Asks: 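Below is one structure. I have some questions about it.
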Amino acid sequence: MPLPPALLARLAKRGLVEEEKANKPDSSSGGAKTGAPEEVEEVFAEDYDDPSKPDQEEHVDADVVERQPPPQVVPVLTPEVRDIVGDGPVFYETTACPNRINPYHECVLYCKKRYGMREWDPDDDMTKKRDRMLRRYPLPEGWVEVGDYDSGRYYYWNVHTDEVSWLSPTHPKAAMTKSAEQLVGDPTPVWCIFCILILPLSLFPTLGKKDELDPMDPAAYSDIPRGGWSEGLDQRGKAKTGVDVTASGPLFQQRPYPSPGAILRANQGLKKKK
Amino acid sequence: MSYMLQHLHNGWQVDQAILSEEDRVVVIRFGHDWDPTCMVMDETLYKCADKMKNFAVVYLVDITEVPDFNKMYELYDPCTCMFFYRNKHIMIDLGTGNNNKINWSMEDMQEFIDIVETVYRGARKGRGLVVSPKDYSTKYRY
């Protein structure tokens with residue numbers, strides 16, 4: 001059964017599919033790279049231009065790392081990857097490294113050793129809701145459930161179109177989009193912004209309280225009524241004079257008055273407003 | 001002498017008086033006929049009116065009767081004289097710090113005619129601000 005290239009690439013990145021298999025849909029250059037160097041004169045070009053080269057290195061790296069702890073979520077590497085994916089939610093394992101929010105940081109072996117892997121502990125309430133939703137709106141063909149470590153929730157990924165959705169795609173309110181990673185380009189800054197924006201708000205709940213009277217507000221220490229945001233702004237027709245009040249400096253003496261007709265029209269407009 | 005000059009009794013008349021003048025400066029005196037300062041000014045205006053009828057026309061406006069412009073034109077003085085040309089307010093640098101109007105009464109007829117003529121010449125050239133032939137800053141007045 002032919003796998004969609006998006007899925008293949010992802011699985012290859014995680015080391016679940018052999019490199020050859022992942023590279024098969026690619027052109028012959030991929031095969032040439034993995035195979036023995038038959039065409040010696042092309043070695044140079046391969047070294048620098050082949051996009052799958054870093055993947056391969058990562059794969060080697062991952063081999064070293066992941067062989068020791070066997071992958072828990074996906075038990076065996078079966079030839080039918082669809083079956084693996086169909087088993088249950090997919091998890092993209094990441095380290096619990098705090099430097100992950102740094103877009104220029106790439107986790108190395110040390111990160112894993114020092115901080116360990118992120119743990120998946122879904123909320124009971126969330127699990128209940130998600131089960132109910134899946135019972136009502138089962139996933140159509142091609143959709144895979146994926147666990148999101150950051151939010152502790154599941155999302156749904158279409159292996160054919162590479163679309164994602166927080167709700168089951170059959171749900172009436174489901175919004176299927178490209179992943180944020182694809183929309184923005186680099187995934188890390190998005191997470192970084194999320195961290196910066198959302199986390200401090202949740203850490204400082206006092207920021208949300210808007211009704212409290214600021215002690216520096218004149219309304220707090222005098223009889224002045226509490227003002228709204230528009231209080232004290234320049235209002236039309238409230239000006240003391242017809243001249244341009246914004247003119248200052250050398251222009252201050254050169255502010256002609258409007259013509260009487262303009263004044264009459266302005267007065268008329270003010271009356272109508274009242 | 002205010003009875004010899006034409007009065008404007010509402011805002012619309014003021015507007016029309018200025019709009020209808022194609023090629024003459026419109027001099028409007030804002031104030032009250034009973035005000036002594038205005039009486040002096042009106043005397044001068046009446047004497048000048050005939051001499052400068054070719055390039056200026058004089059109107060009187062009672063600011064109690066026509067309060068429409070009091071706020072926008074800052075008519076706080078007992079007697080205020082303003083110049084308009086083709087529906088445009090013409091400013092005069094009198095040296096007093098207020099370029100918008102003459103807010104005192106002038107007794108010298110020739111001085112006033114000179115000012116109006118300067119306004120007329122400047123306005124004809126498209127100037128919005130003209131310089132008075134005489135400096136009216138306080139050191140000359142007192």
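Letters go in sequence order (proteins before strands), and every chain restarts at 1. In this text, all values refer to a predicted model and were calculated from it rather than measured experimentally.
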Asks: Kindly compute the distance separating OG (S259(A)) from CZ (F69(B)), expressed to the nearest 0.5 Å.
Replies: 9.0 Å

Asks: Does NZ belonging to K51(B) count more than 12 external heavy atoms closer than 6.0 Å?
Replies: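 No, not enclosed.
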
Asks: Tell me if the CZ atom of R153(A) is crowded by more than 12 foreign heavy atoms within 6.0 Å.
Replies: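 Atom CZ in R153(A) is crowded, with more than 12 foreign heavy atoms closer than 6.0 Å.
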
Asks: Between Y73(B) (side chain only) and P258(A) (backbone N and O only), is there a donor and an acceptor less than 3.5 Å apart?
Replies: yes

Asks: Return the minimal non-hydrogen interatomic distance between G11(B) and L264(A), and the atom names on each side.
Replies: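 Heavy atoms only, the tightest pair is O-CD1, 3.2 Å.
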
Asks: Could you state the interatomic distance from CE (M82(B)) to OH (Y257(A)), rounded to the nearest 0.5 Å?
Replies: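 Taking CE in M82(B) and OH in Y257(A), the distance rounds to 6.0 Å.
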
Asks: Under a 3.5 Å distance rule, please check whether H89(B) uses its side chain to pair with a backbone N or O of P256(A) as donor and acceptor.
Replies: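 Not at all, since once roles are kept as given, no pair shorter than 3.5 Å links the two residues.
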
Asks: For the atom pair CG (N267(A)) and CE (M72(B)), what is the distance rounded to the nearest 0.5 Å?
Replies: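 With rounding to 0.5 Å, CG (N267(A)) is 6.5 Å from CE (M72(B)).
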
Asks: How close do I18(B) and P260(A) get, heavy atom to heavy atom, and via which atoms?
Replies: CD1-CG, 3.2 Å

Asks: Are more than 12 heavy atoms, taken from residues, nucleotides or ligands other than D124(A), located less than 6.0 Å from that residue's CG atom?
Replies: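 Count not over threshold, so no.
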
Asks: Roughly how far apart are D68(B) CG and I263(A) CD1, rounded to 0.5 Å?
Replies: 9.0 Å

Asks: Taking everything shown except W12(B) itself, do over 12 heavy atoms lie less than 6.0 Å from its CH2?
Replies: no

